[in-house]
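All residue numbers in this chain count up from 1 along the given sequence. These numbers were taken from a predicted model, which means no experiment stands behind them. Only heavy atoms go into these numbers, but all of them, side chains included; no hydrogens, no water, no symmetry mates.
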Amino acid sequence: MLRKMKFCPCLSGLSTLQLFLVIFVLFMTVPLVTHYYISNIGGDTEQQRYLSRSKLDYNKADLDPLKPSKLESEINDLQRIKVSVNNELRTLESKRQKIRTEISGYEAHVEALRAQYESLNKEMNQVKLALEQLKLEKEDAVLQYIPNIKAPQRILTDLNLDVNEIIPKPTSILSQSCRMHTCFDYSICSLVSRFPVFVYNFQEVLTDSFEINEFVASSVIKVFGKNAYVTEDSYSACIYILVVGELENQNFDKSALESMLHNLPYWHGDGRNHVLINLANNIHNIDIFSGVNTGRAIIVQSAFIDSVYRTGFDLVIPPVIEGLADGPVWQELPPLAPVRRKYFISFWGQSISPSQNQGKFFDNFNEGLYKINQHNQNQFRRRLKSVSDVPTIVSIETQIVQALKDMVVRMAQEVHISLSCDEASPEGVVSEWALCGSEEQRSEILKESTFSILIAPNNFSIVSTTGFQTRLSESLKYGAVPIILGNHVTLPYSEILNWDKAVVFLPTARITEIFFFLRTFADNDISYFRHRGRFIWETYFATTENVIDSALAVLRTRLQIPPRPVQAEPSPSVFNASFIPLKYNGPETEPETDEFLGPKEERFASEEFKRNYTKFFFRDSFNQPGDPFHLYPYTPIDPLLSADARFLGSGFGYRPIGHGVGGAGKEFSESLGGNFQREQFTIVMLTYEREEVLMNALKRLKYLPFLNRVIVVWNNQIPPSVELRWPDIGVPLNIVKTSKNSLNNRFLPFDIIETEAVLSIDDDAHLRHDEIIFGFRVWREERDRVVGFPGRFHTWDVKNKSWLYNSNYSCELSMVLTGAAFYHKYYAYLYTYSMPQAIRDKVDEYTNCEDIAMNFLVSHITRKPPIKVTSRWTFRCPGCPQTLSSDDSHFQERHQCINFFVKVYGYMPLLFTQYRVDSVLFKTRLPHDKQKCFKYI
């Protein structure tokens, strides 16, 4: 209380009531004054804030709340102002959008100009590259690397010229020692003569005493009737053929035969350029020309003795015992597997001695042998140059018989050897081993034999006998590898055939070691011999046509005259000559890649027949599966030119990468490079009732480098719609009409295919340009194989012991589907003309399996698997109509096709491969200034 009084002395005199009143008045006054000042200050501030925000200067009187009409007018003004502002904002936004659109347009135009620049730059580079290509072509033309070969003037004999003045009449000694250069008149066989052959009508020339076997007569007439070399113009003929046998009567007057020959219209006194054929139809056939003066005529037959046979002039041929004039023979052949059969070695024969009655057929032949060997002490022993060098000569027959008997005792279960015939008196030539039993009985033994022993006649005077050639033919036919004891016999067509790959030759003295020697053969070797033997038999032995064609091939090859060229298939247009198809004028298909894949160049054809003469100095064509009797424009097995030769004068047509310097992607895309001359490819596209799919497929082919032509095989017998618009793809587009709906039409060798490389593609197979070009480049290095994209393989059904077709994903494959694959045109010829007709018939029966058939063919020819490129395993075609492969029976038919094809070929030719091909720099890290061969491959 004392402290309060000190703090406020003025209140000390007031009473409590007074103090209460003072405090009350203060509490009432202070809030009112405060409110008054705050209201005035707040109103000024709010008014100032409003004026500042609106940026408008109003009089305070105008805001008088006591004037509502003015306030409404002001609100209306403000609304009009708002509308005006909104309109201005919309106008500004419209202008902004317009400006943005203009900017976008300018940006698009800039991009278009940039793209146009890049396109023009790319096109300019292509033009530069094209100019370089033209310069190279000009250099090739200037160098004239391939000379313009002019055919030599035809050499013909003057009809008024005395024939004796051309080639002197031969003496008997000269006739017996005839060779091509001493006894053949080359002057009437020009290199460009095409080997014309005049065939005598033996029915008119031969007298009644020389009656020819009925089968031989009919088959010869049939074969020569369709032979392309036969001419009726005797004046232009190169050789003159007379079929003399097989004669029904082997006992004939030889002087009559000689007289008949010398009286032939074109004999010209000495029989020059004549070919006398004695075609054997059974083992009774003998050398009918022994003791007959045949002059300079070439003798062709199965049986020869050395006094008649002139090496390099006369010709040994197989007999035609099978009784087939022509046609397929695969039905008669056993399968080539298993490699090792029931019997390891077989032999069935009996040695013929002079004491045995040989029958009338062999009297003359054996008599000739007696006269030849009458100066020898023992005519059944080998003639030696110096008998005094050998103290004792042991009978060869005794050695052979004893060795074979020992073999039977030691390996009775593994061999089938019989040294005697069921017949009382087996027929044959003295000193040879007679054939025993019937052909059917012998075939049953040979089908179960791995090896078959053939013993050459023990008399060196015998060059060949019909019995020996028959035994050889049967061994080849039934797959028993022939083991010939005695290498002095002459085998058929030995001038052109490499018999070492089909027959095992051993000296007769090796008879005791034969079992040990053959045991060293691996299954691969035995299988190889058996395959070659079957090939020789099917190609050169099987029918009369094979035998005649082979004999003519030997004679033609001696004269360096190439065979007749194979005929290509005509390619008629599906349109009438007066009809002009409509052109597609719509937008072009955008390319799927901007890669530069190859130079732009003019179309050019592959060079044809560039080895038509040099090729036939080699025997390769006669010793490889295929067709040796026709000349093909090109083959996939031509020899390679060494790399240095291409830069030292032999560079015609070659386009090395970087002109030989090499390089990465840029240089790679500018040249084909590789080991072969530059070339192009043809696309063959099969189609049936899928016009829209076809048009889309064709549009995608525009601007494809190295493309020469596109052929659409119109498999529908109803022509395409006249309203159909065909795209312009920059190369000729041919729509080929077919005679029937067949999948075999895919592989017809059309005459308008001017390139070696053919891309077979389905209309629903979608391939990018880079994939096609990569496949083409790979094919150029593997041109003897099928190179493609979708892979398939064959599998073995263990339960049913048969083959199955499989399309599952696998780490190995054996087929490449030809719905997207490159192959050589050579195989189109073989598929159409040489492959067994039964396979093409099966393809037509199922409307399926043509791709399997082509893979079988190429693998059979090359013994190589196909090549798969890129990772593609199948193709998808959204929106395409239903395809043949979607049918449930599709795979069942393909299983059956494979097993049927194996039966025709006699074995499974397909081979497995476990790799695919990608480009060299694929997945390789490169410097920034280098590019890959392909961006995505």
Side-chain angles (χ1 to χ4, degrees), residues 154-191 193 195-210 212 220 224 229-245 247 252-279 287-301 304-315 368 551-552 554-556 558-559 561:
R154 179 71 189 279
I155 306 172
L156 294 175
T157 304
D158 189 349
L159 291 179
N160 297 322
L161 189 65
D162 186 358
V163 296
N164 295 330
E165 296 179 1
I166 300 176
I167 300 179
K169 288 185 178 181
T171 62
S172 58
I173 297 177
L174 180 60
S175 296
Q176 293 177 1
S177 61
C178 265
R179 297 294 182 269
M180 292 296 292
H181 63 280
T182 60
C183 292
F184 193 86
D185 184 2
Y186 285 87
S187 67
I188 61 174
C189 287
S190 169
L191 289 173
S193 64
F195 194 60
V197 175
F198 179 83
V199 181
Y200 286 102
N201 186 342
F202 60 84
Q203 295 174 325
E204 297 178 356
V205 174
L206 299 180
T207 60
D208 296 338
S209 58
F210 299 100
I212 294 182
V220 163
F224 280 120
Y229 298 100
V230 174
T231 178
E232 295 182 359
D233 183 7
S234 59
Y235 175 64
S236 64
C238 173
I239 64 172
Y240 301 83
I241 292 180
L242 174 64
V243 178
V244 184
L247 297 177
F252 56 87
D253 186 357
K254 294 194 174 184
S255 61
L257 175 60
E258 182 175 321
S259 177
M260 182 269 296
L261 293 176
H262 292 183
N263 290 326
L264 291 174
Y266 311 106
W267 189 258
H268 291 168
D270 56 8
R272 67 192 68 176
N273 293 34
H274 274 62
V275 178
L276 306 178
I277 299 179
N278 176 22
L279 205 59
D287 183 358
I288 64 174
F289 298 107
S290 176
V292 177
N293 184 3
T294 57
R296 290 190 168 101
I298 297 173
I299 299 175
V300 178
Q301 59 183 2
F304 274 105
I305 56 177
D306 61 359
S307 64
V308 176
Y309 181 72
R310 295 159 293 185
T311 304
F313 192 72
D314 296 326
L315 182 60
L552 293 179
V554 173
L555 298 175
R556 189 190 67 248
R558 288 180 182 177
L559 302 175
I561 300 177

What heavy-atom pair brings Leu559 and Cys238 nearest, and what distance separates the two atoms?
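Closest approach of Leu559 to Cys238, heavy atoms only: CD1-SG, 3.8 Å.
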
Using a 3.5 Å distance criterion without hydrogens, assess whether the side chain of [X] forms a donor-acceptor pair with backbone atoms of [Y].
X: Arg310; Y: Ile298; result: no
X: Ser236; Y: Asp233; result: yes
X: Asn278; Y: Val244; result: no
X: Arg556; Y: Ile561; result: yes
X: Asn273; Y: Asp185; result: yes

Test Ile277 against every option in Ile299, Ile241, Leu315 by the side-chain contact (heavy atoms from CB on, under 4.5 Å) rule and name the one that passes.
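Considering Ile299, Ile241, Leu315, a side-chain contact (heavy atoms from CB on, under 4.5 Å) with Ile277 is found only for Ile241.
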
Is there a side chain to side chain contact (heavy atoms under 4.5 Å, CB included) between Phe184 and Arg272? Walk through the geometry before answering.
CA-CA 6 Å; Phe184 193 86; Arg272 67 192 68 176; over 6 Å; no

Partners of Asn263 by side chain to side chain contact (heavy atoms under 4.5 Å, CB included), sequence neighbours excluded?
Ser259

Would you please name every residue forming a side chain to side chain contact (heavy atoms under 4.5 Å, CB included) with Ser234, sequence neighbours left out?
Phe198, Tyr240, Tyr266

[X]: which residues meet the ring-ring contact (aromatic ring centres under 6.0 Å, His included) condition with it, sequence neighbours left out?
X: Tyr229; answer: Phe195
X: Phe210; answer: Phe252
X: Phe224; answer: none

So, using side chain to side chain donor-acceptor pair (under 3.5 Å) as the criterion, who are the partners of [X] when residues are at least two apart?
X: Tyr200; answer: His274
X: Glu204; answer: Asn201
X: Thr311; answer: none

Could you walk me through whether Leu261 and Leu242 pass the side chain to side chain contact (heavy atoms under 4.5 Å, CB included) test, one step at a time?
CA-CA 9 Å; Leu261 293 176; Leu242 174 64; 3.8 Å; yes

Rounded to the nearest 0.5 Å, what separation is found between the [atom1] atom of [X] and the [atom2] atom of [Y]?
X: Ile212; Y: Leu279; atom1: CD1; atom2: CG; answer: 9.5 Å
X: Lys254; Y: Phe289; atom1: NZ; atom2: CZ; answer: 10.5 Å
X: Leu264; Y: Leu276; atom1: CG; atom2: CG; answer: 8.0 Å

Derivation and outcome, side chain to side chain contact (heavy atoms under 4.5 Å, CB included), residues Asp314 and Gln301:
CA-CA 8 Å; Asp314 296 326; Gln301 59 183 2; over 6 Å; no

